[in-house]
Every structure is written in structure tokens, then in C-alpha cells.
Amino acid sequence: MANDRTDLMQGTLELLILNTLARESMHGYGIVQRIHEAAEDLLKVEDGSLYPALYRMEERGWIKAEWGVSENNRRAKFYKLTRTGQKQLEAERANWSRISKAVTKILQAT
Amino acid sequence: MMKIANLLKRANRNQAAFEVEDELQFHLEMLERKYIQQGMSPAQAKSAALRRFGNLERVKKQCVAISNRNTRLRRILKASAILVALIGLSISIGGSDYKVARIGHLLIMIAIAGRLLLYVRGLSPSTLLSVSREESLSVINGTPHKTARN
């Protein structure tokens with residue numbers, strides 16, 4: 001099963017994070033868990049790679065971070081989507097759809 | 001004066017590093033908890049968590065760098081807004097005729113609007129200045145890839 005896991009394409013981690021946060025605010029660990037669960041462990045995502053992406057996204061104003069208390073009563077940083085992030089998610093979804101369609105067409109043509 | 005500024009700068013950096021460390025530590029603790037629940041010994045769980053997390057030191061450095069960059073930009077923008085407001089104020093007070101005073105009022109309004117924009121959710125300094133569009137490092141699967149963001 002481990003060999004069937006695929007590397008995440010460049011730029012898609014941000015789309016996955018935005019999509020995950022569209023439902024509810026979450027801490028970094030929760031986001032990674034949700035991505036792994038949704039992908040049924042088919043994607044290779046190193047947990048640590050999430051954090052620089054989260055910090056960059058916060059810098060761009062797509063997400064907002066706030067310290068809170070986790071489910072096990074520990075101080076944790078929670079991220080939530082901003083209005084700019086919501087717009088970015090829509091744009092990235094549309095972009096992904098275009099790429100996906102284009103690649104499928106090319107594969108079918110050859 | 002410079003010493004105070006340096007101390008404040010160092011304190012801000014330490015604060016950013018502390019917050020990043022705390023956040024990453026929480027992640028590792030959660031992973032360890034999960035592995036222990038799955039039947040691993042605490043030592044096994046700790047090394048499994050570190051393995052799954054990837055390069056902890058590199059991630060920490062990247063996050064602190066981004067965090068500091070954002071704080072610095074925010075400070076520059078805040079200082080600029082104050083400066084514009086002060087110039088506007090001095091023009092509106094010292095302006096002899098109505099037209100000059102109006103320029104002062106306009107500058108004050110621009111400064112207030114700029115300051116408010118910094119508070120509005122989703123408008124970070126980098127969004128306003130579009131400086132985060134430079135090439136950034138994206139760590140995927142432990143390998144740094146150059147990502148041209150635009």
C-alpha cells in the first residue's frame with residue numbers, strides 16, 4: 001500500500017488546506033489528519049510540510065490564526081478561512097478543474 | 001536607543017520562535033498520543049512521530065522566517081500610516097487657506113483608511129504590497145521545490 005502513495009503535486013497542498021478549512025476552523029494536526037482520512041492514505045504528505053504552507057497562507061491573508069484550547073485541553077493554534085481565502089479556494093478549485101480536464105484530454109488523445 | 005530597539009527586535013523574534021515551537025510540539029504530542037493508543041511504546045511513538053513529521057528543524061526555521069517577515073512588514077506599514085497622518089495633521093493645522101487644509105484632511109483620511117485596512121480580516125501587509133509573490137520554497141515530501149507564485 002505504501003508504494004501506491006502518490007507525491008502531492010506542487011501547489012495542491014494549499015488547495016487541500018483551504019478546502020479543509022472551508023468546513024470549520026482547525027489546528028494543524030487536525031488539518032493533516034483530515035487530509036489523510038479524505039485521501040484514504042493515497043497521498044504522501046509529510047506532516048511538517050503543512051506548516052510553512054499555513055504560515056505563507058496566513059501572510060497572504062487567506063487564513064487567520066488564533067490560539068485556543070484543543071480537545072485535550074492544551075494550547076493550540078487554530079486556523080480559519082478568511083473572506084479572501086474563500087475567494088482563493090473558489091479560484092483554486094476552478095484552476096484545478098481546468099488542469100484536470102486538460103490533462104485528461106491529452107491522455108485520451110495520445 | 002539602538003540597544004532598546006535591538007532588544008525589542010530580539011524579543012519579537014524569540015516570541016515568534018516560541019510560538020512556532022509550541023505549535024509544532026503540539027503536533028508531535030498528538031501524533032505520539034495516537035501511536036501510543038495504537039499500541040506503541042512511548043519511545044517508539046516518539047520516533048514514529050518525528051519520522052512522520054519530517055525535518056523538524058527546517059520546518060521550524062521556515063515558519064519563524066515567514067512569521068518575522070510578516071511582523072516586520074506590518075510594523076513598516078503601521079509606521080507609514082502614522083507618518084502620513086502626522087504630515088496631514090501638520091498641513092491641516094498650518095495650512096493658511098482652505099485648499100491646503102483639505103490636502104491635510106485627505107492625508108489623514110488616507111492614513112486612517114490604511115490603518116483600518118491592516119485590521120480588516122484577510123488583508124495582510126503582503127496582500128497589500130504583493131510582496132509574497134516572490135518565489136517561495138514549498139516543502140513537499142521532504143524535498144524543497146521552487147514554487148513560482150503569481
Side-chain angles (χ1 to χ4, degrees), chain A residues 5-14 16-17 26-33 36 41 43-88 92 95, chain B residues 16 19-20 22-31 33-34 49-71 73-74 117-118 120-133 136-149:
Chain A
R5 293 172 83 197
T6 312
D7 284 341
L8 202 56
M9 273 172 63
Q10 260 178 257
T12 46
L13 182 58
E14 287 167 351
L16 298 184
I17 294 170
M26 258 182 226
H27 47 63
Y29 177 77
I31 297 169
V32 172
Q33 288 299 110
H36 281 303
D41 259 358
L43 288 175
K44 259 192 239 173
V45 186
E46 254 184 11
D47 286 20
S49 67
L50 177 90
Y51 288 94
L54 281 173
Y55 277 67
R56 276 195 303 272
M57 289 164 72
E58 191 189 358
E59 191 186 29
R60 287 175 198 148
W62 298 351
I63 56 173
K64 192 174 163 66
E66 264 170 20
W67 286 94
V69 180
S70 72
E71 52 275 26
N72 56 341
N73 273 333
R74 194 213 187 271
R75 197 174 100 100
K77 203 172 178 185
F78 287 80
Y79 294 91
K80 66 177 174 190
L81 210 60
T82 63
R83 217 178 292 165
T84 316
Q86 185 62 48
K87 282 180 192 161
Q88 186 64 27
E92 298 234 1
N95 190 40
Chain B
E19 294 211 337
V20 168
D22 199 23
E23 184 176 20
L24 303 185
Q25 188 55 41
F26 169 75
H27 193 115
L28 290 170
E29 281 172 25
M30 293 297 281
L31 279 175
R33 237 169 87 128
K34 184 180 126 182
L50 282 168
R51 226 178 9 256
R52 166 134 176 196
F53 191 87
N55 194 328
L56 179 62
E57 281 309 309
R58 188 172 58 196
V59 169
K60 208 186 289 179
K61 268 187 192 168
Q62 284 183 321
C63 292
V64 171
I66 298 167
S67 184
N68 284 332
R69 187 172 64 191
N70 200 17
T71 313
L73 263 171
R74 197 170 274 272
L117 277 175
L118 287 173
V120 174
R121 189 180 299 170
L123 277 173
S124 72
S126 56
T127 317
L128 295 170
L129 294 176
S130 303
V131 291
S132 68
R133 299 301 183 201
S136 56
L137 270 179
S138 149
V139 186
I140 294 172
N141 198 27
T143 316
H145 298 274
K146 284 272 184 187
T147 312
R149 294 240 131 249

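Please read all numbers here as calculations on a predicted model, not as lab measurements.
Of the listed residues (B/His27, B/Glu23, B/Lys60), just one forms a side-chain hydrogen bond (donor to acceptor under 3.5 Å, both in side chains) with A/Tyr51, and that residue is B/His27.
Between A/Pro52 and B/Val59, the shortest heavy-atom contact is CD-CG1, 4.0 Å.
Atom OG in B/Ser67 sits 13.5 Å away from atom CZ in A/Arg56 (nearest 0.5 Å). In this structure, CG on B/Leu31 lies 6.5 Å from CD on A/Gln33, to the nearest 0.5 angstrom. To the nearest 0.5 angstrom, A/Met57 atom CE is 11.5 Å from B/Ile66 atom CD1. Interatomic distance, CZ of B/Arg33 versus CZ of A/Arg74, reported as 11.0 Å (0.5 Å rounding). Distance check, rounded to the nearest 0.5 Å: CE of B/Met30 to CD of A/Glu71 gives 4.0 Å.
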Show your reasoning for whether side chain to side chain contact (heavy atoms under 4.5 Å, CB included) applies to B/Phe26 and A/Asn72. CA-CA 11 Å; B/Phe26 169 75; A/Asn72 56 341; 4.0 Å; yes
For a side chain to side chain contact (heavy atoms under 4.5 Å, CB included) check, start with the C-alpha distance between A/Tyr29 and B/Glu29, then their side-chain angles and the critical distance, and finish with the verdict. CA-CA 10 Å; A/Tyr29 177 77; B/Glu29 281 172 25; over 6 Å; no
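Across B/Leu56, B/Asn55, B/Val20, the residue that shares the most heavy-atom pairs under 4.5 angstrom with chain A is B/Val20.
In this structure, chain B has no heavy atom under 4.5 Å from any part of A/Gln86.
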